[in-house]
Amino acid sequence: MDVEDWYQSCVDFDAPISARVVTNTERVLALLDDVRVKATFFVQGRVAETFPTLVHTLIAEGHEVQAHGYSHRPLYEMDRFGLRQELERARQTVEDAAGLPVTAFRAQDFSILGENLWALETLCEVGFEIDSSIFPVQTRRYGIRGWELAPHEIALPGGRRILEVPVAVWRHGKWRVPVAGGGYFRVLPRQVIVRAVRSVVEDGRPPVIYCHPYEFNPDELGTYRGSVPRRLRLAQGLGRTTFGVRVRALLESLRFGRFDEVLATWGLR
């Protein structure tokens, strides 16, 4: 789960973090508790800073907490100095709220691309050991064409290494089909998603799935009538009315767990 506030992360990076992020995450917690699944929550730094009690709740309920950037500005727009500040604040704010070490990272909007792969060096420098930021399919907004689909260690200058864990992509013949979650879950038929996730496992890879708490709230976008372009509201609203039902069905049909536990099961940690 990538924990962020929709308006602040998608429309105005300078907007305050609203309490909607708390109520939306509570919806997710209720669903996970109902299906008896523990998850990993990549928490945005500004969310942890604004609502530290939410982070306490996640840990108290047995979920893992890791970092999801600080400001939600794309990493590829930052120079080395700005990126280091972003990553240090991302880690520190979540650690302060959690009271536990934070060692894994997922970039906001998968914003580590071919042109800023050097960001992995900075991640190592500030103490991250695992990254899940590189989308292994080229899309209009993000991704790197031809990137390795399976988790793998990347050797970096100075002898450092980082474990890169891409989100789930279905290798179907010569095609790579994104099935990792988020908007893909909202528009793809459920049978296709289940088949694809099973195929990833058969291919010898752990299928890493992500969602955002705001996707579980079918009414949230109605809050922004008049302040958000209609086209954006329509695009973001696709499939939201049934999103929770679809995720519940997937969680009940396949076995899921926390990021750290999945990596350990697959012998990656």
Side-chain angles (χ1 to χ4, degrees), residues 1-31 41-51 54 68-78 86 106-113 133-135 137-145 167-170 176-193 196 209-250:
M1 297 290 168
D2 294 349
V3 183
E4 59 197 53
D5 183 33
W6 181 79
Y7 187 85
Q8 187 275 330
S9 63
C10 296
V11 180
D12 182 0
F13 297 140
D14 296 316
I17 303 293
S18 78
R20 283 184 292 274
V21 71
V22 177
T23 55
N24 290 338
T25 303
E26 288 171 347
R27 289 172 182 259
V28 176
L29 289 174
L31 170 59
F41 289 77
F42 288 88
V43 181
Q44 184 188 349
R46 284 191 60 193
V47 172
E49 201 172 54
T50 308
F51 297 108
L54 176 62
H68 184 50
Y70 175 77
S71 67
H72 216 277
R73 287 179 165 81
L75 302 190
Y76 53 72
E77 292 183 353
M78 303 177 189
E86 171 81 11
R106 175 170 294 139
Q108 45 270 44
D109 287 334
F110 299 106
S111 53
I112 296 181
L113 310 178
S133 301
I134 299 177
F135 202 86
V137 174
Q138 180 71 60
T139 72
R140 183 176 59 84
R141 293 176 51 232
Y142 50 69
I144 299 178
R145 188 185 307 277
V167 294
V169 166
W170 180 21
R176 291 185 172 199
V177 183
V179 291
Y184 306 106
F185 271 20
R186 289 190 281 116
V187 299
L188 290 173
R190 186 173 67 85
Q191 295 84 350
V192 171
I193 294 170
I209 303 300
Y210 73 95
C211 301
H212 305 89
Y214 56 71
E215 292 175 295
F216 291 81
N217 182 356
D219 302 318
E220 180 173 3
L221 294 179
T223 307
Y224 306 107
R225 292 186 189 281
S227 60
V228 173
R230 182 171 179 270
R231 184 174 178 179
L232 178 60
R233 280 192 290 109
L234 288 174
Q236 287 284 313
L238 282 174
R240 275 208 199 188
T241 55
T242 59
F243 189 79
V245 173
R246 290 159 66 86
V247 172
R248 174 188 288 272
L250 187 68

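Note that these values count all heavy atoms, side chains included, but never hydrogens, waters or copies made by symmetry. The shown structure was predicted, so the numbers you read here are calculated from the model rather than taken from an experiment.
- Considering only heavy atoms from C-beta on, V21 stays 4.5 Å or farther from W6 through its side chain.
- Taken from NE2 in H72 to CG in D109, the straight-line distance is 5.0 Å, to the nearest 0.5 Å.
- With respect to Y210, the ring-ring contact (aromatic ring centres under 6.0 Å, His included) criterion is satisfied by exactly one of F135, F185, F110, F41: F110.
- Rounding to the nearest 0.5 Å places CG of L75 at 5.5 Å from CD1 of I112.
- Cation-pi contact between R73 and F13: absent, since separation from the ring centre below 6.0 Å together with deviation from the ring axis within 45° is not met.
- Shortest non-hydrogen contact noted between P213 and D2 is CD-O, 3.2 Å.
- Ring geometry for H212 versus Y214: interplanar angle under 30°, hence parallel rather than tilted (30 to 60°).
- You'll find the side chain of V247 reaches within 4.5 Å of the side chain of L31, heavy atoms only.
- Note that the CG atom of D5 and the CD1 atom of I17 stand 5.5 Å from one another [nearest 0.5 Å].
- Taking the side chain as every heavy atom from C-beta outward, Q138 and I144 never approach each other to under 4.5 Å.
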List the steps, then state whether side chain to side chain donor-acceptor pair (under 3.5 Å) holds for Q236 with E215.
CA-CA 9 Å; Q236 287 284 313; E215 292 175 295; over 6 Å; no
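- The salt bridge (charged side-chain N to carboxylate O under 4.0 Å, His left out) test with E220 is passed by exactly one of R27, R233, R20: R20.
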V177/Y184 under side chain to side chain contact (heavy atoms under 4.5 Å, CB included): CA gap, chis, key distance, verdict:
CA-CA 10 Å; V177 183; Y184 306 106; over 6 Å; no
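- Using modelled atom types, one finds no donor on one side chain facing an acceptor on the other under 3.5 Å when comparing E49 with Q44.
- The distance from the CG atom of L238 to the CZ atom of R186 is 6.5 Å, given to the nearest 0.5 Å.
- Taken to the nearest 0.5 Å, the CZ atom of R190 stands 9.0 Å off from the CD1 atom of I193.
- Here the side chains of V179 and V169 are not in contact, with every heavy-atom distance at 4.5 Å or above.
- A donor-acceptor contact shorter than 3.5 Å is absent between the side chain of T242 and the backbone of V245.
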Does L232 form a side chain to side chain contact (heavy atoms under 4.5 Å, CB included) with V11? I'd like the steps, not just the answer.
CA-CA 9 Å; L232 178 60; V11 180; 4.1 Å; yes
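- To the nearest 0.5 Å, the span separating OG on S18 from CG on N24 amounts to 8.0 Å.
- With a 4.5 Å cut-off on side-chain heavy atoms, Q8 and P16 do not count as touching.
- For residues 235-246, no pair satisfies salt bridge (charged side-chain N to carboxylate O under 4.0 Å, His left out), with sequence neighbours left out.
- In this structure, a donor-acceptor pair under 3.5 Å is absent between the side chains of Q108 and H68.
- Using a 30° and 60° split on the angle between ring planes, F216 and F243 fall in the perpendicular class, above 60°.
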Run V167 and R106 through side chain to side chain contact (heavy atoms under 4.5 Å, CB included) and show every step you take.
CA-CA 10 Å; V167 294; R106 175 170 294 139; 3.8 Å; yes
